[in-house]
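All values below were derived from every heavy atom in this structure, side-chain atoms included, with hydrogens, water molecules and symmetry-related copies excluded. Just so we're on the same page: letters track the sequence lines, and every chain starts at 1.
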Amino acid sequence: MNLSVEIGKIKLKNPVITASGTFGFGREYSEYIDLNKLGAIVVKGLTVKPREGNPPPRLFETASGILNSIGLQNPGVDAFIERELPFLKSFDVPVIVNIAGETVEEFVYMAEKLDIEGIEGIEINVSCPNVKKGGMAFGVNPDDIFDITRKVRKATSKTVIVKLTPNVTDIKVCAKAAEKGGADAISLINTVAGMAVDIDKRRPVFENVIGGLSGPAIKPIALKMVYEVVTVVSIPVIGMGGIMNYKDALEFLIVGARAIAVGTCNFVNPYCTVEIIDGIKKYMEENEIEDINEIIGSIKI
Amino acid sequence: MNLSVEIGKIKLKNPVITASGTFGFGREYSEYIDLNKLGAIVVKGLTVKPREGNPPPRLFETASGILNSIGLQNPGVDAFIERELPFLKSFDVPVIVNIAGETVEEFVYMAEKLDIEGIEGIEINVSCPNVKKGGMAFGVNPDDIFDITRKVRKATSKTVIVKLTPNVTDIKVCAKAAEKGGADAISLINTVAGMAVDIDKRRPVFENVIGGLSGPAIKPIALKMVYEVVTVVSIPVIGMGGIMNYKDALEFLIVGARAIAVGTCNFVNPYCTVEIIDGIKKYMEENEIEDINEIIGSIKI
Amino acid sequence: MKARVLSNRGIASSVYEMTFEWKGKKPHPGQFLMIDCQGKTFLKRPFSVNDFEEEKMTILYQVRGEGTKNLSQMKEGDILEITGPHGNGFEILEGKRVLIVGGGVGIAPLLYLAKKVKAQKLYIALGFKRETFLVEKFEGLGEVVVTTEEGSTGRKGLVTSVVEEMIGEVDIVYGCGPKPMLKALQEISMKANVLCQISLEEKMACGIGACLGCACKVREDKGFSYKRVCRDGPVFWAEEVLF
Amino acid sequence: MKARVLSNRGIASSVYEMTFEWKGKKPHPGQFLMIDCQGKTFLKRPFSVNDFEEEKMTILYQVRGEGTKNLSQMKEGDILEITGPHGNGFEILEGKRVLIVGGGVGIAPLLYLAKKVKAQKLYIALGFKRETFLVEKFEGLGEVVVTTEEGSTGRKGLVTSVVEEMIGEVDIVYGCGPKPMLKALQEISMKANVLCQISLEEKMACGIGACLGCACKVREDKGFSYKRVCRDGPVFWAEEVLF
Ligand SMILES: Cc1cc2nc3c(=O)[nH]c(=O)nc-3n(C[C@H](O)[C@H](O)[C@H](O)COP(=O)(O)OP(=O)(O)OC[C@H]3O[C@@H](n4cnc5c(N)ncnc54)[C@H](O)[C@@H]3O)c2cc1C
Ligand SMILES: Cc1cc2nc3c(=O)[nH]c(=O)nc-3n(C[C@H](O)[C@H](O)[C@H](O)COP(=O)(O)OP(=O)(O)OC[C@H]3O[C@@H](n4cnc5c(N)ncnc54)[C@H](O)[C@@H]3O)c2cc1C
Ligand SMILES: Cc1cc2nc3c(=O)[nH]c(=O)nc-3n(C[C@H](O)[C@H](O)[C@H](O)COP(=O)(O)O)c2cc1C
Ligand SMILES: Cc1cc2nc3c(=O)[nH]c(=O)nc-3n(C[C@H](O)[C@H](O)[C@H](O)COP(=O)(O)O)c2cc1C
Ligand code: FES
Ligand code: FES
């Protein structure tokens, strides 16, 4: 039975990836699961300099989802290379680094820095809704997406993945801009912009007012966007948004995602990634499917 | 204690409205609640000609929400006036008619037809995501919104409400276009575009592929958009999306919605609108708030 | 309306019978209730009235997903949130020769119907895959024939074969079960020119006719229209349904 | 990990004590568990280890929202999904004069701590609004002082007044309770130059240090940084916390 898929130059044992920002740098989850079993690990979004992130509260539970306002807390790209990468390199799993610049130059700077052994891919986060100056502005504008992708593409020998925000009128245009810019793959969706209010204090729950919505609440939205993107680009698509079990994962694969990423579900169940891999295997056995590629894009409209 | 609010020329006893398409023409719910208690009733979206709607299945339950693909089944504007309006007129509650045209001319035609006694407002549905030719195309383009609003505004003496779709990059631009076009109020959000796949059949659940997501899953998205719109327009805003109880309603009022509409919750609990009114009253009593207008827009950022 | 669970027990593999207190309206055979199955479910779920007697309601249900799984775990004393009875129910024509046909868990609404049908002569045909259930409750109400697909109990084959044989001897057929069975009932009864009512299923949200979610295609003079299973049904005259 | 509920009972208004079977790792005092409270809740909820002895875990909890409400309705035999124990727990320095200070339901982790603290001398100060609970379990473990705000039981006033009086006689203070109390402990202990550890609360998602959701501001040489309550805490040296 073949579960392996390819995203650009990266060979994945199976199509199950961890979503950026929901799996740290792998350390914590390594106490729960064997990281070697994963298709790939996407690490927490990195910035040029270390970032402290937003003041608490940073989390708010909503109906079947969470709002987060982490604010890209991370140790910065240098500290990542020095302190986190060696740990990740001790596993036999492709590492994809998620980068969040505030300018095109920052994206390029990080891509160059990360063009080193032990890293297989760069995921360009043009869509983090939490940083006022950063992400948002790029992610909704196809020209900016094209520009960043092209420049990052030139700056690295690694597989380049562009991660799209769902907070746009037409995700297809954004996806095409990334493809035209030279992306090897597209990943989506990032969190959906959302808000919550504390009715006793009559204040937004977050100091930043707006947060990012993730979890099963957004799955229908994510699936629709992945489906749309798959129909307009020829590069592989990594689908994510609310995946909680192997059935959800299969929905994304069936609409055409080459791989899927699991985010918020890791918080609810630290074993979920491995359980999803096992679930997909079992489904394939039961349905006598030899190759995962028979499932990918098999939707009948 | 004052719960009454004004939306254009319409005086509402309280800020609780029913959302279009979730309350039929009021008949069914009149067996459960006293319609006279409601702030206003917005009826199912009407089209020029009767519409049969989409083939089943038309509903799919998602995590804390539902996807629907009703396809605007309705008896048409004439049959509404003849068969449904007389029933609604027997109650002491403002009736707002939701109209969904496929062309600007259709919107104008319906607005003119409906400029009659017993109707207090016209809600322009530029955003129904279920009809291929209709809604969607208008709803995402500010120029179209401006154009339709202006022409409908001229065609009717009633309060004109423009209902916005959330499936856009910048809802503020759409809201401003509606205001500029002469809208008396803005309502939002309509359903969020979403999709579900039957993994056994490897087919979309709906023949139309895409459906509209509603219910508590989308509440954070709705609240964020209402908040944004309130900051850029000076006309009243009717907030909706996932409201399930008086606390949810208060969140929308606090961010600045002049009134709120309850949709999907009616399906779960046919008494919910009246319960929400009672809940708001109790909250005001407990917090010694004399006038609902003290709550509206009281958010501290 | 709140209802207290009185009992909840498995009566076949993944088929349960639940009884609860009922202070609401008295149901008509073929009507259904919308029950909040709790847990992560969002909408209420529709279940037919299986039986009813002075303040005690019975439903029969099969575990299919999250909602029915949650139901199956409820215990005496638990409180359910329920609306209904909803829908039209079967039209009862007194003094006729009646054939009641059920397939699988589709027999649920037919017990209460059989009790209330006031027939001159009552035949009851119950079809199952392999395992039978609830049959004993029908006995005594009419002449009961049971079929199973492999013949493990009763006659071997599909319940519709019984209908084909008996159609000439009855004035009206009432059916509930899987779609292929209902379709066969439609064909057989129309060919024999015998009245036939069938109870349909469709995904539901409101259960009261407001959302237009539970569409069922029916014949119209000019072509077709969609009716609401929850309000115009769940029981339809077989001849009007377009499968 | 699945855990079977052994008992669940109210011990004061809206305060419950639950015990369940525990086959997992032995906890350290101050550690917590993440418990799936079922129903409509999405994330697991954190609860401190209140007590532990050979395969039996106890938690003490107050009903605050949906999750704790669901917990309070669970019965013997129900199965919980739990991860943990998580977090660092209290650092135990043997042979010291120890003051344990708890406020309200914040006394939850302190019982197990009191049992394990190996003090030379142990003082326990428990503060409540009006109603007291769990006090009897602390008795015998050390010298117990109880305060209530109106003086209905024990001393009248805030528990921090007890700390102010006793701070000179102890080597270390351990505290858990509402934020204002913890802030007061920080001030009193820093002024008196006495060691002090406090257990903090913050909204959590993962509970294991991955999501960075449970940020707590701590002093750094150059200013401040955010630590993770779930992994770097929940117990912090009072002096490092920036309230
Ligand atoms: C009028 C009516 C009366 C019914 N009476 C009974 C009854 O007496 N006993 C009984 O066991 N079942 C009955 N059903 C079916 C019952 O409502 C569904 O089995 C139940 O809603 C499934 O809920 P779930 O959460 O367990 O499954 P889900 O997770 O919601 O779905 C599991 C499977 O069941 C199918 N399903 C879900 N809802 C429906 C529905 N409304 N109609 C048909 N299929 C559905 C889904 O497509 C899916 O394949 C009735 C349905 C209707 C419309
Ligand atoms: C490390 C740790 C240990 C804890 N130990 C205990 C314990 O032993 N006993 C106990 O009763 N409670 C404890 N809590 C608090 C407990 O986790 C919350 O009361 C619980 O999560 C509320 O869940 P809910 O669904 O009932 O309420 P929700 O509906 O989620 O919230 C109700 C109210 O509680 C507040 N709240 C929610 N989650 C938290 C949280 N994680 N921290 C602080 N406030 C919160 C909300 O802001 C809201 O005001 C602990 C919290 C932490 C972080
Ligand atoms: C707490 C949290 C932190 C996140 N941080 C990042 C990030 O640093 N970079 C990024 O591209 N996406 C980030 N995301 C978005 C996720 O990678 C993912 O796109 C999104 O959560 C949707 O998937 P899910 O519903 O499975 O969580 C974060 C999400 C969460 C919940
Ligand atoms: C079944 C269904 C039918 C709907 N029909 C219409 C419609 O005809 N016209 C319209 O403007 N909105 C329609 N809506 C959208 C609702 O009015 C509302 O904007 C949306 O559902 C969000 O609110 P909610 O989450 O409270 O349901 C419909 C929604 C549902 C669920
Ligand atoms: S379920 Fe809403 S109309 Fe039938
Ligand atoms: S709860 Fe996730 S880091 Fe603490």
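- Within the 4.5 angstrom heavy-atom criterion, only backbone atoms of C:Met204 (N, CA, C, O) approach chain B.
- Residues C:Lys203 and B:Leu59 approach most closely at O-CD1, 3.8 Å, considering heavy atoms.
- Counting non-hydrogen atoms of neighbouring residues, nucleotides and ligands closer than 6.0 angstrom, the NZ atom of B:Lys13 exceeds 12 such neighbours.
- Annotation: maximal heavy-atom pairing with chain C below 4.5 Å, among B:Pro216, B:Gly26, B:Ala217, B:Pro270, occurs at B:Pro216.
- Contacts with chain B were tallied for C:Gly207, C:Ser225, C:Cys206; C:Cys206 has the most, counting heavy-atom pairs under 4.5 Å.
- How far SG of C:Cys211 is from CG of B:Asn68: 8.5 Å, rounded to the nearest 0.5 Å.
- Most heavy-atom pairs under 4.5 Å with chain C, from the set B:Ala63, B:Pro57, B:Pro55: that is B:Pro55.
- Heavy atoms of other residues, nucleotides or ligands lying less than 6.0 angstrom from NZ of C:Lys40 number more than 12.
- A cation-pi geometry, defined here as NZ or CZ lying under 6.0 Å from the six-membered ring centre and within 45° of its normal, holds between B:Arg58 and C:Tyr226.
- Closest approach of C:His86 to B:Tyr32, counting heavy atoms only: CE1-OH, 2.9 Å.
- A salt bridge between B:Glu31 and C:Arg231 is present, with a side-chain N of the basic residue lying under 4.0 Å from a carboxylate O of the acidic one.
- Interatomic distance, B:Tyr271 OH to C:Thr83 OG1, rounded to the nearest 0.5 Å: 7.5 Å.
- One finds the OG1 atom of B:Thr62 at 8.0 Å from the CZ atom of C:Phe42 (value rounded to the nearest 0.5 Å).
- Of all heavy-atom pairs between C:Leu212 and B:Ile70, the closest is O-CD1, 3.5 Å.
- Contact count against chain C (heavy-atom pairs under 4.5 Å) is highest for B:Tyr29 among B:Phe23, B:Phe25, B:Tyr29.
- Contacts with chain C were tallied for B:Pro56, B:Ser64, B:Gly21, B:Gly53; B:Pro56 has the most, counting heavy-atom pairs under 4.5 Å.
- Within the 4.5 Å cutoff, side-chain heavy atoms of C:Arg228 are placed close to those of B:Glu28.
- With respect to C:Lys44 and B:Glu61, no salt bridge is recorded, no charged nitrogen being found less than 4.0 Å from a carboxylate O.
- A 6.0 Å sphere centred on CZ of C:Arg219 holds more than 12 heavy atoms belonging to other residues, nucleotides or ligands.
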